[in-house]
Amino acid sequence: MGLVIIFALVAILGLAATLRAFKDKNILAILFAGGSTFVFGWFAIMTVVNNGFPTLVH
């Protein structure tokens, strides 16, 4: 279940990049960073819905 953690981290970094792109008024960066934030955030949410929360104990 490490996959959902990776997806969530990428989504968070994409959100930071989107906010920076808005600050710089860079339209292409807004599109790419916003798109990746949306896609990876959706994957993270759907992975949690499908498989439940990741267990941190082996």
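Note that the numbering runs from 1 along the sequence shown for the chain.
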Ile45-Phe38 co-clustered via ILVMFWY side chain contacts under 4.5 Å: yes
Linked, directly or transitively: Ile27 and Leu19 (ILVMFWY side chains, under 4.5 Å):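 No, Ile27 and Leu19 fall in different hydrophobic clusters.
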Return the set of residues passing side chain to side chain contact (heavy atoms under 4.5 Å, CB included) with Ala16 (not counting sequence neighbours), or none when no residue passes. none
Partners passing side chain to side chain contact (heavy atoms under 4.5 Å, CB included) against Ala33 (at least two apart in sequence or in another chain):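 Residues passing side chain to side chain contact (heavy atoms under 4.5 Å, CB included) with Ala33: Ala17, Thr18.
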For the CD1 atom of Ile30 and the OG1 atom of Thr37, what is their distance to the nearest 0.5 Å? 11.5 Å
Residue pairs meeting ring pair (Phe, Tyr, Trp, His ring centres under 6.0 Å), one or both in residues 15-35, sequence neighbours left out, come to none
Please list, one pair per line, the donor and acceptor atoms closer than 3.5 Å that link side chains of residues 4-13 to other protein atoms, with sequence neighbours excluded.
none

Indicate the ring-plane relationship of Phe40 and Phe43, choosing parallel, tilted or perpendicular according to the 30° and 60° boundaries. perpendicular
